[in-house]
Amino acid sequence: QVQLVESGGGKVQPGESLRLSCAASGIILDYYAIGWFRQAPGKEREGVSCIKSSDGSTYYADSVKGRFTISRDKTENTVYLQMNSLKPEDTAVYYCAAVGGYYMDYVCGALVSGGMESWGKGTLVTVSS
């Protein structure tokens, strides 16, 4: 059974940083792409970043490029999202999600939330002065 557990959320001021963690069990990161998605109050869920299983290629939404960095530690079976220069508009619940199989490269590269197979319960990030 796949289980994804996010941690690291909190409240920070604009310009500060946070690192989110996604601990995975029931899957091996060598065979699954892991993505980060977020949902702000009153808005639809949007893709933030994803890391492929095959070669570790990374993808980012335009709104976070240059500020966020996704990485993985295979030994810990954990994926991280380093978020720097946070803005109030980054406030949202952040979810990690996993996808495997034939379409995972497409789903990951295009940050397609509907294509992800398993989801964590989310962690809240609040950016406010």
Side-chain angles (χ1 to χ4, degrees):
Q1 183 178 357
V2 179
Q3 187 174 16
L4 303 171
V5 180
E6 304 95 335
S7 62
K11 183 177 180 180
V12 296
Q13 295 188 347
E16 294 186 338
S17 300
L18 278 175
R19 188 178 79 157
L20 305 183
S21 300
C22 173
S25 59
I27 60 172
I28 299 173
L29 295 186
D30 283 334
Y31 304 110
Y32 283 80
I34 304 294
W36 285 97
F37 297 80
R38 67 186 182 186
Q39 188 165 19
K43 295 188 177 181
E44 293 189 357
R45 189 173 297 182
E46 64 172 348
V48 175
S49 182
C50 191
I51 185 164
K52 281 187 179 179
S53 61
S54 53
D55 58 4
S57 296
T58 58
Y59 301 88
Y60 298 93
D62 288 343
S63 58
V64 306
K65 278 181 183 176
R67 300 188 298 123
F68 290 10
T69 303
I70 191 170
S71 62
R72 63 184 178 182
D73 184 335
K74 291 184 182 181
T75 61
E76 297 292 329
N77 225 36
T78 298
V79 172
Y80 302 97
L81 185 68
Q82 178 66 43
M83 305 187 297
N84 297 331
S85 303
L86 282 162
K87 304 176 181 180
E89 51 264 42
D90 294 318
T91 296
V93 177
Y94 284 71
Y95 301 88
C96 67
V99 59
Y102 184 78
Y103 294 104
M104 67 173 167
D105 284 354
Y106 165 74
V107 170
C108 181
L111 297 173
V112 180
S113 63
M116 305 305 279
E117 298 170 337
S118 302
W119 291 83
K121 294 183 178 181
T123 186
L124 176 63
V125 172
T126 303
V127 185
S128 174
S129 55

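Basis for what follows: all heavy atoms, side chains included, without hydrogens, waters or symmetry-related copies. Bear in mind that the values here come from a model prediction, so they are computed numbers and not experimental data.
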Exercise. For residues A24 and L4, report the shortest heavy-atom separation together with the two atoms involved.
Key: CB-CD2, 3.7 Å
Self-check item: K52 backbone acceptor or donor facing S57 side chain under 3.5 Å
Solution: no
Quiz item: What is the distance from atom SG of C108 to atom CD1 of I51, rounded to the nearest 0.5 Å?
Solution: 8.0 Å
Quiz prompt | Atom of R67, atom of D90 and distance for their closest heavy-atom approach | solution = NH1-OD2, 2.7 Å
Quiz item: Any side-chain heavy atom of D30 within less than 4.5 Å of one from S53?
Solution: no
Exercise. Could you tell me which non-hydrogen atom of C50 sits nearest to which non-hydrogen atom of A33, and how far apart they are?
Key: SG-CB, 4.2 Å
Exercise. Output the distance between atom CG (D105) and atom OG (S54), rounded to the nearest 0.5 Å.
Key: 5.0 Å
Quiz item: Salt-bridged, D62 to K65, with N to O below 4.0 Å?
Solution: yes
Quiz item: Are R45 and Y95 in a cation-pi contact, defined as NZ or CZ under 6.0 Å from the six-membered ring centre and within 45° of the axis?
Solution: yes
Self-check item: Of C96, S7, S21, the residue whose pairing with T78 passes side-chain contact (heavy atoms from CB on, under 4.5 Å)
Solution: S21
Self-check item: Exam field: side chain E16 to backbone Q13, donor-acceptor pair closer than 3.5 Å
Solution: yes
Quiz item: Looking at E44, E46, E89, which one forms a salt bridge (charged side-chain N to carboxylate O under 4.0 Å, His left out) with R38?
Solution: E46
Exercise. Give every residue pair that meets the ring-ring contact (aromatic ring centres under 6.0 Å, His included) criterion with at least one member in residues 107-126, sequence neighbours excluded.
Key: F37-W119
Quiz item: V79, M104: one ILVMFWY side-chain cluster at the under-4.5 Å cut-off?
Solution: no
Practice problem: Mind listing the closest non-hydrogen atom pair of M83 and L20 along with its distance? | Solution: CE-CG, 3.7 Å
Exercise. Considering non-hydrogen atoms only, spot the tightest contact between A61 and G47 and give its length.
Key: CB-O, 3.4 Å
Quiz item: Side chains of N84 and S17: is there a donor and an acceptor less than 3.5 Å apart?
Solution: yes
Practice problem: Please indicate whether I28 has more than 12 foreign heavy atoms, meaning atoms of other residues, nucleotides or ligands, lying under 6.0 Å from its CD1. | Solution: no
Self-check item: Check: S128 and P88 side chains under 4.5 Å, non-hydrogen atoms
Solution: no
Practice problem: Check the hydrophobic clustering (I, L, V, M, F, W, Y; side-chain heavy atoms under 4.5 Å; chains of links allowed) and say if L81 and V99 are grouped together. | Solution: no
Quiz item: Between T126 (side chain) and K11 (backbone), is there a donor-acceptor pair under 3.5 Å?
Solution: no
Quiz item: Is there a chain of hydrophobic side chains (I, L, V, M, F, W, Y, each step under 4.5 Å between heavy atoms) that links V107 to L29?
Solution: no
Practice problem: Go through the side-chain N and O atoms of R19 and Y80 and say whether any donor and acceptor fall under 3.5 Å apart. | Solution: no
Practice problem: With sequence neighbours excluded, give me every ring-ring contact (aromatic ring centres under 6.0 Å, His included) pair touching residues 43-67. | Solution: none
Quiz item: Going hydrophobic residue to hydrophobic residue with side-chain gaps under 4.5 angstrom, can you get from L18 over to W36?
Solution: yes
Exercise. Working to the nearest 0.5 Å, report the span between CD of Q1 and CD of Q3.
Key: 7.0 Å
Quiz item: Hey, is K121 close enough to E6 for a salt bridge, meaning N to O under 4.0 Å?
Solution: no
Quiz item: Are V2 and Y31 in one and the same hydrophobic cluster, where Ile, Leu, Val, Met, Phe, Trp and Tyr link if side-chain heavy atoms are under 4.5 Å apart?
Solution: yes
Quiz prompt | Closest approach of N77 to I27 (non-hydrogen atoms, all atoms of both residues) | solution = ND2-O, 2.8 Å
